[in-house]
Enquirer: 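Please read through the structure below; I'll follow up with questions.
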Amino acid sequence: MISNQTKAGVLYIVATPIGNLDDLSPRAVSTLGKVDLVLAEDTRHSRKLLSHFGIKTSLFSLHEHNEKSKCDRLINRLEQGKSMALISDAGTPLISDPGFPLVSQARRTGLEVVPLPGPCAAIAALSVSGIGADRFVFEGFLPAKPGRRRRRLEAIAGEERTLIFYESVHRIEAMMADLEAVFGLQRQAVVARELTKMFETVKAGTLAELNQWLRASPQQVRGEFVVVVEGVPQPEKTSLDGEDCRIMGLLLELLPPGKAAEAAAKIRNKPRKIFYQWALEARDH
Ligand code: SAM
């Protein structure tokens, strides 16, 4: 626990570029320059980033293989008043990157954890995908083993929200083939490759079209990938949404269920019987 005498340090979670160095925010630059320690996944890689911005702060290696064992020591130093910034090789820490054990322990200890938001490949891809971005599920990396990957895809094949996947160059073709096999040829998707870099490519199409494109253009099977997949469209006219229920609720205060359902069906252009059913269920509860 934090003692009353010492002011505890702050743990900053700092997003770094996913390709274009200009995407490092001025606030990130000043924070990385002023903290006592920068925790980095690969210190050699991050030293280059810091040097580019003239930042001389000491680096400490924190990666998926040592992060659990280093937590206590780092929390201790934060409690003693040292401030730290956590960065990863690219993008937002913790998003398919190290940092979760440290952040959760810092929170449990009552330490201040401050986000410095910025690049994230998943959000960048979603923002240009043209696929619904109101509700989405971030799936990260699928399992590397084909059997497990298929089973995972089968489990989420009916998901109605947009799905976002990360994939490495080694598995993009196998993963895209599995997506097509499990989700069907016609599902809309976007392959976002090398975002913010020289060979940035964003290609939209059905899964069948995208696979055809990948097979025909080996130069596209290079670099880093985000795949955004449309969710399964829900049969809108056979279910009620929040606004339907609100209107039906108001009408039921004035009219009997049959009349209220009739009016709601006209207002919302949906079948009367689903409103009537809803009214009966609401009355029974
Ligand atoms: N924390 C990072 C973030 O916020 O996006 C992700 C780290 S994860 C270890 C690396 C994966 O992110 C890559 O395999 C790829 O799927 C995706 N990725 C990272 N940079 C990318 C880029 N410039 N273009 C497309 N995908 C990228």
Side-chain angles (χ1 to χ4, degrees), residues 11-25 27-28 31-32 38-46 48-49 52 61-67 85-104 113-131 133 136-145 149 152-153 162-179 189-204 210 213-214 217 219-229:
L11 174 61
Y12 297 94
I13 308 302
V14 181
T16 60
I18 56 170
N20 189 327
L21 291 185
D22 287 347
D23 291 337
L24 190 70
S25 75
R27 185 173 166 226
T31 302
L32 292 170
V38 173
L39 313 174
E41 209 181 342
D42 175 344
T43 51
R44 271 177 45 194
H45 172 93
S46 294
K48 287 186 201 144
L49 175 79
H52 180 86
S61 163
L62 191 76
H63 46 72
E64 60 171 327
H65 304 295
N66 74 357
E67 57 179 337
L86 172 70
I87 60 176
S88 62
D89 285 353
T92 302
L94 281 84
I95 308 301
S96 295
D97 265 341
F100 175 70
L102 181 64
V103 171
S104 59
V113 187
V114 172
L116 268 74
C120 174
I123 299 300
L126 179 66
S127 71
V128 295
S129 67
I131 294 177
F136 61 88
V137 181
F138 175 63
E139 277 289 323
F141 290 97
L142 285 165
K145 295 220 166 84
R149 186 168 60 232
R152 180 80 205 114
L153 288 174
T162 295
L163 293 151
I164 308 177
F165 302 94
Y166 279 167
E167 197 46 275
S168 78
V169 66
H170 312 293
R171 276 189 289 275
I172 185 69
E173 286 170 289
M175 179 256 199
M176 286 296 292
D178 281 351
L179 275 179
V190 161
V191 172
R193 168 184 167 250
E194 295 288 87
L195 293 169
T196 78
K197 302 186 200 176
M198 188 184 298
F199 296 108
E200 176 178 281
T201 311
V202 179
K203 179 83 178 164
L210 289 170
W213 169 73
L214 282 177
S217 20
Q219 75 279 11
Q220 297 295 348
V221 191
R222 285 186 200 147
E224 301 190 279
F225 298 85
V226 181
V227 180
V228 182
V229 184

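As the structure lists them, so they are numbered: ligands from 1, and atoms in each ligand from 1.
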Enquirer: With heavy-atom distances below 4.5 Å as the criterion, would you say the side chains of Asp97 and Asp89 are in contact?
Expert: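 Contact flag for Asp97/Asp89 side chains = no.
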Enquirer: Could you find the nearest protein heavy atom to atom 2 (C) of ligand 1 and give me its residue, atom name and distance?
Expert: Ala90 O, 3.2 Å
Enquirer: So, regarding Phe141 and ligand 1 (criterion: nitrogen or oxygen to nitrogen or oxygen, under 3.5 Å), is there a contact or not?
Expert: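 N/O-N/O distance below 3.5 Å does not exist for this pair.
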Enquirer: Should Arg193 be counted as touching ligand 1, given the test is an N or O pair under 3.5 Å?
Expert: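 No - when backbone and side-chain N and O of Arg193 are compared with those of ligand 1, no distance drops under 3.5 Å.
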Enquirer: Return yes or no for this condition: an N or O of Ile18 is under 3.5 Å from an N or O of ligand 1.
Expert: yes
Enquirer: So, 4.0 Å and heavy atoms of Gly19: is ligand 1 close enough to count as a contact?
Expert: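 No, Gly19 has no heavy atom closer than 4.0 Å to ligand 1.
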Enquirer: By number and element, which atoms of ligand 1 are closer than 4.0 Å to a non-hydrogen atom of Glu194?
Expert: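 In order of numbering, the contacting atoms are 23 (N), 24 (N), 25 (C).
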Enquirer: Can you report which non-hydrogen protein atom sits closest to atom 18 (N) of ligand 1, along with the distance?
Expert: Ala121 CB, 3.4 Å
Enquirer: Answer yes or no: does an N/O atom from Thr92 fall short of 3.5 Å to an N/O atom of ligand 1?
Expert: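 Between Thr92 and ligand 1 (N or O atoms, distance only) the closest approach is under 3.5 Å.
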Enquirer: Judged by atom type as modelled, is there a donor-acceptor pair below 3.5 Å linking the side chain of Asn66 to the main-chain atoms of His63?
Expert: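 Yes; at least one donor-acceptor contact below 3.5 Å.
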Enquirer: Do Leu49 and Pro17 have side chains that approach each other closer than 4.5 Å (heavy atoms only, starting at C-beta)?
Expert: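 When only atoms from C-beta onward are counted, Pro17 and Leu49 do touch, with a gap below 4.5 Å.
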Enquirer: Please name the pair of heavy atoms, one in Pro117 and one in Arg27, separated by the smallest distance, quoted to 0.1 Å.
Expert: CD-NH1, 4.2 Å
Enquirer: Which atoms from ligand 1 have a heavy atom of Gly91 less than 4.0 Å away?
Expert: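 Reading through ligand 1 atom by atom, the close ones are 3 (C), 4 (O).
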Enquirer: Could a heavy atom of Phe165 be found less than 4.0 Å from some atom of ligand 1?
Expert: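 No, Phe165 has no heavy atoms under 4.0 Å from ligand 1.
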Enquirer: Do any nitrogen or oxygen atoms of Thr196 come within less than 3.5 Å of a nitrogen or oxygen of ligand 1?
Expert: no
Enquirer: If you look at every heavy atom in Val228 and Ile131, which pair is closest and at what distance?
Expert: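 Residues Val228 and Ile131, closest heavy atoms: O-CD1, 3.7 Å.
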Enquirer: Closer than 3.5 angstrom, by distance alone: can the side chain of Ser127 be matched with the main-chain N or O of Ala124 as a donor-acceptor pair?
Expert: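 Looks like yes, one N/O pair under 3.5 Å.
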Enquirer: For ligand 1, which part of Ala192 has a heavy atom less than 4.0 Å away: the side chain, the backbone, both, or neither?
Expert: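 Near ligand 1, Ala192 shows its backbone, while the atoms from C-beta on stay back.
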Enquirer: If only atom types and distance count, is the side chain of Glu167 paired as donor or acceptor with the main-chain N or O of Phe225 below 3.5 Å?
Expert: no
Enquirer: To check your reading of the model: name the closest protein heavy atom to atom 5 (O) of ligand 1, its residue, and the distance in Å.
Expert: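 Nearest protein contact, heavy atoms only, for atom 5 (O) of ligand 1 is Tyr166 OH, 2.6 Å.
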Enquirer: Determine whether a donor-acceptor pair (N or O, by modelled atom type, separation under 3.5 Å) exists between the side chain of Glu194 and the backbone of Glu224.
Expert: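 Yes; judged by distance alone, with no hydrogens or angles, the pair exists.
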Enquirer: Using modelled atom types only, decide if a donor and an acceptor are shared between the side chain of Glu67 and the backbone of Gly99 within a distance under 3.5 Å.
Expert: yes
Enquirer: Specify the closest pair of heavy atoms between Phe141 and Tyr166, including all atoms of both residues, with the distance to one decimal.
Expert: CD2-O, 3.5 Å
Enquirer: Please list the nearest protein heavy atom to atom 9 (C) of ligand 1 with its residue and the distance rounded to 0.1 Å.
Expert: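 Of every protein heavy atom, Ser96 O, 3.2 Å lies nearest to atom 9 (C) of ligand 1.
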Enquirer: So, is Phe225 polar-close to ligand 1, with some N/O to N/O distance under 3.5 Å?
Expert: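 N/O-N/O distance under 3.5 Å: yes.
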Enquirer: Please determine if Ile95 has a nitrogen or oxygen closer than 3.5 Å to a nitrogen or oxygen of ligand 1.
Expert: yes
Enquirer: May I ask you to identify, for Leu195, whether its side chain, its backbone, both or neither come under 4.0 Å of ligand 1 on a heavy-atom basis?
Expert: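 Answer for Leu195: both.
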Enquirer: Under a 4.5 Å cut-off applied to non-hydrogen side-chain atoms, are Arg222 and Arg193 in contact?
Expert: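 In contact.
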Enquirer: In terms of residue, atom name and distance, what is the protein heavy atom nearest to atom 20 (N) of ligand 1?
Expert: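 For atom 20 (N) of ligand 1, the nearest protein heavy atom comes out as Glu224 OE1, 3.3 Å.
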Enquirer: Give the contacting part of Glu167 toward ligand 1: side chain, backbone, both or neither, where contact means a heavy-atom distance below 4.0 Å.
Expert: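 The backbone, only.
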Enquirer: Are the side chains of Lys203 and Gln220 in contact, using a 4.5 Å heavy-atom criterion?
Expert: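 Result no, sub-4.5 Å side-chain heavy-atom pair not found.
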Enquirer: Can you name the nearest heavy-atom pair linking Trp213 to Thr201, along with the distance?
Expert: CZ2-CG2, 4.0 Å
Enquirer: In the protein, which heavy atom is nearest to atom 26 (N) of ligand 1, and how far is it?
Expert: Val226 CG2, 3.4 Å
Enquirer: Please state which protein non-hydrogen atom is closest to atom 7 (C) of ligand 1 and give its distance, to 0.1 Å?
Expert: Asp97 OD2, 3.3 Å
Enquirer: Between ligand 1 and Ser168, is the shortest N or O to N or O distance under 3.5 Å?
Expert: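 For ligand 1, there is no N or O atom that lies under 3.5 Å from one belonging to Ser168.
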Enquirer: Would you confirm whether Thr196, through its side chain, and Asn20, through its main-chain N or O, come within 3.5 Å as a donor-acceptor pair?
Expert: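 Such a contact is found between Thr196 side chain and Asn20 backbone.
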Enquirer: Atoms of ligand 1 less than 4.0 Å from Lys197 heavy atoms?
Expert: 23 (N)
